[in-house]
Amino acid sequence: MKTPALAHPADLAPRLLRWFDQHRRDLPWRRTTDPYHVWVSEVMLQQTQVTTVIPYYEGFLKAFPDVQALAAAPLDAVLGLWAGLGYYSRARNLHAAARVICTKHGGRFPDDYEAVRALPGVGEYTAGAVLSIAYGMRLPALDGNAFRVLARVWGVRGEVQRGPARRRLVALGREAVPTDRPGDYNQALMEQGSQVCVPRQPHCGECCLADICVALAQGLQEQIPESRRAAPTHVTMSAALVLRRGKVLLARRPPTGVWGGLWELPNTEGDERQLLASLRDAFGLASSEAVQFARLTHGIMNRRVTLTAYLVPGNTGRSRASGHEAVAWVDPAAADGHAMPAPHRKLLARLAEHLRAGRLAL
DNA sequence: AACCCGGGGAG
DNA sequence: CTCCCAGGGTT
């Protein structure tokens, strides 16, 4: 099969828009051009799938119907509505940015690119997405899906995440944005990547760009874009389910750094012995008993954590919180509203399930 | 069980 | 620029 002539950037928009008009999913944030709503949806959609986002989007906007409401809310309320979504720095940044919008931009989401980029949590992608969708500005919005589509259409080899290949794709992607309906075009490009031009076994037979796709013509659609892989790092950690009168001990991390501001189970790197030492030193809990309760693995990109959870009676000792902002004794079944690291959230869910089923007596 | 995927901030 | 942060889906 012969390689077709390289596509002109302007070839993409008509194909993608025609496809999008027939196949667009009806999503809550596609029924509005309110920049605040679009912004919230775009932030939630970072690293998170559509089906997961929908209920959070609706609950969030119900609680904070406009920028003013979000800015006026305490951070805890915002984190509470984010609980379970993960990547909580997004919520902190959203909250901080809402306050900037109210103090510096009169409560209206700015329509100036540089002003938008200056908002916390808004990078090149989010700025382009919100401004094109809400205000019809001709700006690219290139997420991982879009980069994959562009790399295949133009048969761009090499590392797509950075370097010369990335710069070339950014340039092509910018040229390809049409003056008319740039927001729909951006959504079409990303949706095409997520629904048709998927990472493995792409559905080229139903792709509206097949006639101009270099990767397809060369049979390289599985090889482009090239994936870079670092060796995963392994870590062993232990966490404590400290129980007292049916409640479990949570501690709140400092506002910055890893898992900033989140409620977590007491935990350490290392094994049971180090966990008990940490409970003594940081929480003043002099327990010597620890019964293994569960083990799970928690992976984030190329980091692998093996986390073992231990049941520890909390009757003895007092609890303080060196290294933490606060401690709380929480009903395991009612911990959903706390913003917690994903693995700790899973452990608490398992604990609540055991308690509910009567498999564990306290 | 093994495979894959990403956007923003800090410096 | 590079490095750091920190969850989930598909096969």
Side-chain angles (χ1 to χ4, degrees), chain A residues 39 41-54 56 79 82-97 100 116-130 140-152 159-167 169-170 173 186 190 193-203 221-235 237 253-264 267 269 295-307 339-347 349:
Chain A
W39 172 42
S41 75
E42 286 299 337
V43 172
M44 286 187 170
L45 286 164
Q46 292 169 10
Q47 331 277 5
T48 312
Q49 297 249 139
V50 163
T51 52
T52 306
V53 165
I54 290 173
Y56 281 93
L79 288 173
W82 208 269
L85 257 189
Y87 295 110
Y88 293 85
S89 63
R90 296 181 295 172
R92 282 198 301 274
N93 286 330
L94 201 58
H95 183 242
V100 172
V116 174
R117 275 291 272 110
L119 295 170
V122 178
E124 196 172 343
Y125 165 77
T126 305
V130 176
L142 303 175
D143 72 347
N145 293 314
F147 274 109
R148 182 171 57 252
V149 175
L150 299 180
R152 284 173 174 166
E159 173 94 47
V160 170
Q161 300 297 324
R162 55 187 177 186
R166 174 149 192 124
R167 284 192 290 279
L169 290 174
V170 168
N186 283 333
M190 294 185 279
S194 71
Q195 303 295 308
V196 179
C197 195
V198 292
R200 284 177 299 168
Q201 300 176 46
H203 313 145
Q221 62 270 35
E222 293 269 12
Q223 278 68 51
I224 297 175
E226 286 173 27
S227 62
R228 105 192 120 92
R229 298 255 293 277
T233 60
H234 285 268
V235 183
M237 298 198 71
R253 297 185 60 94
T256 57
V258 180
W259 286 333
L262 270 60
W263 292 90
E264 67 176 1
N267 68 91
E269 197 165 320
R295 171 169 290 165
L296 57 78
T297 58
H298 172 62
I300 301 168
M301 300 305 284
N302 53 357
R303 175 182 167 84
R304 299 266 172 275
V305 177
T306 302
L307 178 64
M340 298 181 65
H344 297 190
R345 170 170 293 273
K346 289 174 190 165
L347 286 174

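Atom set for the values below is all heavy atoms of this structure, side chains included, hydrogens, waters and symmetry mates excluded. Labels below follow one simple rule: chain letters A, B, ... track the order of the sequence lines, proteins then strands, and each chain is numbered from 1.
- Comparing C:dT2, B:dC5, B:dG7 against the side chain of A:T126 picks out B:dG7 as the nearest.
- Closest to the side chain of A:P199, out of B:dC5, B:dG7, C:dG9, is B:dC5.
- Taking the side chain of A:D143 as heavy atoms from C-beta on, and the options B:dC5, C:dG7, B:dG7, the nearest nucleotide is B:dG7.
- If you check B:dG9, B:dG7, B:dC3 against the side chain of A:R200, the one that comes closest is B:dC3.
- For the pair A:H203 NE2 and C:dT10 P, the interatomic distance rounds to 11 Å; values are reported in whole Å.
- For the pair A:L307 CG and C:dG7 P, the computed distance is 13 Å after rounding to whole Å.
- Counting to the nearest Å, the P atom of C:dA6 and the CG atom of A:L79 are 13 Å from each other.
- If you run side chain to side chain contact (heavy atoms under 4.5 Å, CB included) between A:L307 and each of A:K346, A:R295, A:H344, A:H298, only A:H344 comes through.
- Comparing C:dG8, B:dG7, B:dC3 by their closest approach to the side chain of A:Y125 singles out B:dG7.
- For the C1' atom pair drawn from B:dG6 and C:dC3, the interatomic distance equals 15 Å after rounding to whole Å.
- Rounding to the nearest 0.5 angstrom, the gap separating the CG atom in A:L45 from the OH atom in A:Y56 is 13.5 Å.
- One can place CH2 of A:W82 at 15 Å from P of C:dA6, the figure rounded to the nearest angstrom.
- Using a 4.0 Å cut-off, no side-chain N or O of A:T48 falls inside it from OP1 or OP2 of C:dG7.
- Taking atom C1' on both nucleotides, B:dC5 is separated from C:dA6 by 14 Å, rounded to a whole Å.
- The side chain of A:I300 lies closest to C:dA6, out of C:dA6, C:dG8, B:dC3.
- A:M44 contributes atom CE, which lies 11.5 Å from atom OG1 of A:T52 (distance to the nearest 0.5 angstrom).
- Using a 4.0 Å heavy-atom criterion, one finds that A:R304 contacts the bases of the nucleic acid, with or without backbone contacts as well.
- Position along DNA chain C of the nearest nucleotide to A:Q201 versus A:P343 favours A:P343 as the more 5'-ward residue.
- The shortest distance between the side-chain N/O atoms of A:S194 and the OP1/OP2 oxygens of C:dG9 is not below 4.0 Å.
- Computed from coordinates, the A:H298 NE2 to C:dA6 C1' distance equals 6 Å when rounded to whole Å.
- Nucleic acid contact class of A:G163 (heavy atoms, under 4.0 Å, all strands): none.
- For the pair A:W259 and C:dG7, the criterion of a side-chain N or O lying under 4.0 Å from OP1 or OP2 is met.
- When distances run from any side-chain atom of A:Q46 to the nucleotides B:dG8, B:dC5, C:dA6, the shortest one goes to B:dG8.
- Using a 4.0 Å heavy-atom distance criterion, A:S89 is classed as making no nucleic acid contact.
- Atom CG in A:L94 sits about 13 Å away from atom P in B:dG8, given to the nearest Å.
- Atoms OH (A:Y87) and P (B:dC5) sit 14 Å apart, rounded to a whole Å.
- Here A:R167 reaches the OP1 or OP2 of C:dC1: one of its side-chain N or O atoms lies under 4.0 Å away.
- A donor-acceptor contact shorter than 3.5 Å links the side chain of A:Y88 to the backbone of A:M340.
- In this entry the distance linking CG of A:L296 with P of C:dG8 reads 12 Å, nearest Å.
- Checked against the 6.0 Å centroid criterion, the rings of A:W82 and A:H95 do not qualify as a close aromatic pair.
- Contact detail for A:P341 and A:W263: the closest heavy-atom pair is CD-O, 3.1 Å.
- On a pure distance criterion of 3.5 Å, no polar donor-acceptor pair joins the side chain of A:Q49 and the base of C:dG9.
- If you check every strand for non-hydrogen atoms under 4.0 Å, A:V122 touches sugar and phosphate atoms only.
- Rounded to whole Å, the separation between the C1' atoms of B:dG9 and C:dG8 comes to 22 Å.
- Annotation: of the two residues near DNA chain B, A:Q47 and A:P120, the 5′-most nearest-nucleotide partner is A:Q47.
- No side-chain donor-acceptor contact under 3.5 Å links A:R148 to the backbone of A:P225.
- Of the listed nucleotides (B:dC4, C:dG7, B:dG6), C:dG7 has the atom at the smallest distance from the side chain of A:A342.
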